Enquirer: 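Below is one structure. I have some questions about it.
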Number of protein chains: 2
Amino acid sequence: MKTTTRREDFLQASLQLIHEKGFKATTMRAIAERMDFDVSNSYNYITSKQDILELFLFRISQEFHHAMDNILASSYAADEKLKQVISAHVQVSAQKPYEVALMVNEWRNLKEPKYSEYVELRSQYERKMSKLLRAGIKEKVFKQVDIKVATAVILSSIRWLYDAFAKSKNTMNPVELERQIVALIFGGVMR
Amino acid sequence: MKTTTRREDFLQASLQLIHEKGFKATTMRAIAERMDFDVSNSYNYITSKQDILELFLFRISQEFHHAMDNILASSYAADEKLKQVISAHVQVSAQKPYEVALMVNEWRNLKEPKYSEYVELRSQYERKMSKLLRAGIKEKVFKQVDIKVATAVILSSIRWLYDAFAKSKNTMNPVELERQIVALIFGGVMR
DNA sequence: GTCTATATTCAGATAGAC
DNA sequence: GTCTATCTGAATATAGAC
């Protein structure tokens, strides 16, 4: 049985609205309206609008880092590791599309010092991916690609996933989607 | 010899600032300050803040469409066409990184009816890419990939390019970058 | 937890003189 | 084309009563 606290309801309503309108365009009034109470009540749950953004962004970022760390710490070969990273992205994007959308679209609205903290987390994540690719090249399972370019291309190529799930929760099969993406990233489009 | 009108200067300053801070966070006052005059003067060049966004967004969108149309209308094989599309993205991103950044980050700030118009242009572009991929599969130069997934993966995988050029105008060699990306999209990472 | 009322700040945009 | 002054609206946030 699932119980949701009033605070969780408030945060979910915020998340939904921020996803629809964008962070800056989402007013505290609009969130309150969706909760059916006055603006001032919003501050029973948070101390500022920034709180909402920080909360979701750092929580979901940590989730990606955890998945990545566990995969990197395993004894799988590099290609299997990459496959698992892609799998993790598909799964998180499927389960929490709105949070992932925030990661893609709204992180720029963080204020210092949280902004710098977040950018650093992002860089760390990219470095972890680069590390994986470098290991794969050394193991001779990957081609001799440029690490920076390959890191950017691969991470970028899976950044749209949240959108597929945000639009249609049901029609998308995550397992088949993962298979298709892995096939493309591993083998490219050429026959 | 290059002459720039005052209006062009104003728009360039706007573009630069919007890229730095985001559209919503960029105030007319801030743009005017960078131009060293009062806010009210800004309205000598535009009639509303929205104008700025519309102007850049539809202009650069058209540029991508033109390139795509010319490539599709050629008699090249599908793989060569795809290569040329990637080449066009690299070149436009290198020459107009801030405009491309707007395409990626700020299109959501358009208001109706321009918003819907722009979304339609975007969809059209995706359909053109899908058409190219479908042709390539029929020609048997591409694998039997899922069209929707492949379209999203490929377009997404080249969306970060503007960032590489916005950061470092000089250090990036567009030709070599293109080669690396084409290699990845065509052949994947696996050895 | 809910409301009313309000402080504060700041945004886009216009009028009108020089 | 530039300025001063101002309108108008809206946003985040707080105080304090019930």
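So you know, we letter chains A, B, ... as the sequences are listed, proteins then strands, and number each from 1. Bear in mind the structure is a predicted one, so any value in this text is a computation, not a measurement.
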Enquirer: Are F23(B) and L55(B) connected, step by step, through hydrophobic side chains (Ile, Leu, Val, Met, Phe, Trp, Tyr) whose heavy atoms are closer than 4.5 Å?
Expert: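 Linked within one cluster.
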Enquirer: Output yes when a side-chain donor or acceptor of Q180(A) lies under 3.5 Å from a complementary backbone atom of D146(B), and no otherwise.
Expert: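 Present.
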Enquirer: Rounded to whole Å, please give me the gap between CE in M28(B) and C1' in dA10(D).
Expert: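 Between C1' of dA10(D) and CE of M28(B): 18 Å.
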Enquirer: From CG of N44(B) over to C1' of dT14(C), roughly how many Å is that when rounded to an integer?
Expert: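 So the CG-C1' distance, N44(B) to dT14(C), works out to 12 Å.
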Enquirer: Return the set of residues passing side chain to side chain donor-acceptor pair (under 3.5 Å) with D163(B) (not counting sequence neighbours), or none when no residue passes.
Expert: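 Applying side chain to side chain donor-acceptor pair (under 3.5 Å) to D163(B) gives K167(B).
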Enquirer: Write down the distance between CG (N41(A)) and C1' (dA5(C)), rounded to a whole number of angstrom.
Expert: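 Distance check: N41(A) CG to dA5(C) C1' gives 14 Å.
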Enquirer: Taking only the side-chain heavy atoms of F37(B) (C-beta and beyond), determine which of dC3(D), dA11(C), dA11(D) contains the nearest atom.
Expert: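 Closest nucleotide to the F37(B) side chain: dC3(D).
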Enquirer: In this structure, how many angstroms lie between the P atom of dT2(C) and the CG atom of D38(A), rounded?
Expert: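 Whole-Å distance recorded here is 10 Å.
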Enquirer: Which nucleotide sits closest to the side chain of Y45(B): dA11(C), dC3(C), dT2(D)?
Expert: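 Within the option list, the nearest is dT2(D).
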Enquirer: Quick one: on DNA chain D, does T27(A) or T47(A) contact a more 5' nucleotide (nearest heavy atom)?
Expert: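 That would be T27(A).
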Enquirer: Side chain of R29(B), heavy atoms from C-beta onward: which of dC3(D), dA13(D), dA13(C) has the nearest atom to it?
Expert: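 The listed nucleotide nearest to R29(B)'s side chain is dA13(C).
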Enquirer: What is the distance, rounded to the nearest whole Å, between atom CZ of R7(A) and atom C1' of dG1(C)?
Expert: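 These atoms are roughly 15 Å apart.
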Enquirer: Respond yes when some side-chain nitrogen or oxygen of R6(A) is under 4.0 Å from OP1 or OP2 of dT2(C), and no when none is.
Expert: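 Yes, because at least one side-chain N or O of R6(A) sits under 4.0 Å from OP1 or OP2 of dT2(C).
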Enquirer: Output side-chain donor-acceptor pairs under 3.5 Å for residues 147-159 of chain B, partner residues at least two apart or in another chain, one line each.
Expert:
| from | atom 1 | to | atom 2 | distance (Å) |
| --- | --- | --- | --- | --- |
| T151(B) | OG1 | S130(B) | OG | 2.8 |
| T151(B) | OG1 | I147(B) | O | 2.7 |
| S156(B) | OG | S156(A) | O | 2.6 |
| S157(B) | OG | V153(B) | O | 3.4 |
| S157(B) | OG | I154(B) | O | 2.7 |

Enquirer: Indicate yes or no for a side-chain donor-acceptor contact from H65(A) to the backbone of L121(A) under 3.5 Å, with no hydrogens or angles considered.
Expert: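 It does hold such a pair.
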Enquirer: Nearest whole Å is fine: how far is dT14(D) C1' from K49(A) NZ?
Expert: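 Nearest whole value for this atom pair: 18 Å.
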Enquirer: Determine whether a donor-acceptor pair (one donor, one acceptor, N or O, separation below 3.5 Å) exists between the side chain of S40(A) and the base of dT4(C).
Expert: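 Counting by modelled atom types and ignoring angles, a donor-acceptor contact under 3.5 Å is found here.
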Enquirer: Starting from P on dA13(C), measure out to CD1 on I31(B) and report it in whole angstrom.
Expert: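 Rounded to whole Å, this separation is 10 Å.
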Enquirer: Rounded to the Å, how far apart are F10(B) CZ and dT2(D) C1'?
Expert: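 Distance, rounded to whole Å: 14 Å.
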